[in-house]
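Only one structure is covered here, and it is reproduced in the block below.
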2 protein chains.
Amino acid sequence: MSAKQQLTERIGQLLRDSKLSVTETRTKILELFMKSNGALEHADFDKLTGKSFDRVTVYRTLQTFLDKGIIHKIPTTDTSIRYALCKSECSEHHHHDHHVHFKCEECGNTVCLEETDVPAIHLPKGYAAHNIEVVVSGVCKSCK
Amino acid sequence: MSAKQQLTERIGQLLRDSKLSVTETRTKILELFMKSNGALEHADFDKLTGKSFDRVTVYRTLQTFLDKGIIHKIPTTDTSIRYALCKSECSEHHHHDHHVHFKCEECGNTVCLEETDVPAIHLPKGYAAHNIEVVVSGVCKSCK
DNA sequence: AAATAATTGCAACAATGTTGCAATTATTTA
DNA sequence: TAAATAATTGCAACATTGTTGCAATTATTT
């Protein structure tokens, strides 16, 4: 079995596990996530697939993946929301997204730093934290 | 001198200090920032001013304030970028925005927790950090 | 108070995101 | 495995958000 076939099989399994139909769009989009080593934004899917899918379909696919805990959003200060694959600990009802995100100012790429834990934050009295997002910007390994 | 007049005078001074003309739009928008205890998004200005200003003017005003270091952006995972006033340590060329942002899931309000410092993050080898953004979501003081 | 410089608002556009519905594709059932 | 059912896709149409050029207005300077 070729590497390509293996990837397709793995993606199919992931979709079935999430109780989703295995379709071309979903397979292709997951493939893009798995091949890319960073976060993707909506416009990337047009670029990377050569607009093979309708914009609406891409929006709906991303939303579905979010709902199922397959991908997560990364906060930004620009218009484009970024998405990245979740690790296996994430599920439909519980995200364990406790890693740091890094955005490189040189190449513009955003990556998940899985090894880097989000530190505990000591909030003022009366505040209850459910989720902590850390986005570091600077220069990445490849660009320095 | 009334409280209202004092605020207007303070705003005028802030604008002059930043080498900006003192106009109605800018004064009004800064007034909104100073009166609100949280971050504002573009749509808020329409709501709060009853659409007294053209959308374009509001966009340009916010951009100008960003450039001058009067306000800063707060990252989000939704479409709307949020803005909040900078403290006095910020200037045109250097932001000292090292506080934590908190978004309440109940009331939707985002606030700057000035007292809460951003912790040091230990990045993997090869990564250089310029800026660290921390956004905590949960339940705020008023909503718990 | 006039001259100059900066800001505003309009129009027109571009990009991003959403909804309903009919056609297509995937899954289930027999 | 073919028909029935269920889900997904693509289109059209629209809503929202953000951008640019330019003429009219307003603020600052001389």
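A note on names: the letters A, B, ... follow the listed sequences, proteins ahead of strands, and every chain is numbered from 1. All values derive from a computational prediction rather than experimental measurement. The basis for the numbers below is simple: all heavy atoms, side chains too, and nothing from hydrogens, waters or symmetry mates.
In this structure, B:His99 and B:His72 have perpendicular ring planes: the angle between them is above 60°, well past the 30° mark.
Closest heavy-atom contact between A:Val111 and A:Asn109: CG1-ND2, 3.9 Å.
For the pair A:Leu20 CG and C:dT28 P, the interatomic distance rounds to 12 Å; values are reported in whole Å. Atom P of nucleotide C:dC13 and atom OH of B:Tyr59 are separated by 18 Å, given to the nearest angstrom. Counting to the nearest Å, the P atom of C:dT27 and the CZ atom of A:Arg16 are 8 Å from each other. Rounded to an integer number of Å, the gap from CZ of B:Arg82 to P of D:dG18 is 12 Å. Atom C1' of nucleotide C:dA15 and atom NZ of A:Lys47 are separated by 13 Å, given to the nearest angstrom. Rounded to whole Å, the distance from CG on B:Asp54 to P on D:dA23 is 17 Å. In this structure, the CG atom of B:Leu66 is 11 Å from the P atom of D:dT19, given to the nearest Å. As rounded to whole Å, 15 Å separates atom C1' of C:dA15 from atom NE2 of B:His42.
For B:Arg16, the CZ atom sits in a packed shell: over 12 heavy atoms of surrounding residues, nucleotides or ligands are nearer than 6.0 Å.
When hydrophobic clusters are built by joining Ile, Leu, Val, Met, Phe, Trp and Tyr residues whose side-chain heavy atoms come closer than 4.5 Å, directly or via intermediates, A:Leu30 is not grouped with A:Tyr59.
Positionally, the nearest nucleotide of DNA chain D for A:Phe53 lies more toward the 5' end than for the other of A:Phe53 and B:Thr79. If you find the closest nucleotide of DNA chain D to A:Thr57 and to B:Arg55, the one lying nearer the 5' end belongs to A:Thr57.
Residue A:Thr23 places no side-chain N or O under 4.0 Å from the OP1 or OP2 atom of C:dT25.
Pairing for C:dA12 goes to D:dT19, judged as Watson-Crick or G-U wobble with the two contacts each under 3.5 Å. Across all strands shown, the partner of D:dA3 is C:dT28, judged by Watson-Crick or G-U wobble contacts whose two distances both fall under 3.5 Å.
Note on B:Arg60: a base of the nucleic acid sits closer than 4.0 angstrom, heavy atoms only. When heavy atoms are screened at a 4.0 angstrom cut-off, A:Thr25 is found touching the sugar-phosphate backbone but no base atom. Using a 4.0 Å heavy-atom criterion, one finds that A:Thr64 contacts no nucleic acid atom at all.
Here NZ of A:Lys141 is found 5.5 Å from OH of B:Tyr127. Values are rounded to the nearest 0.5 Å.
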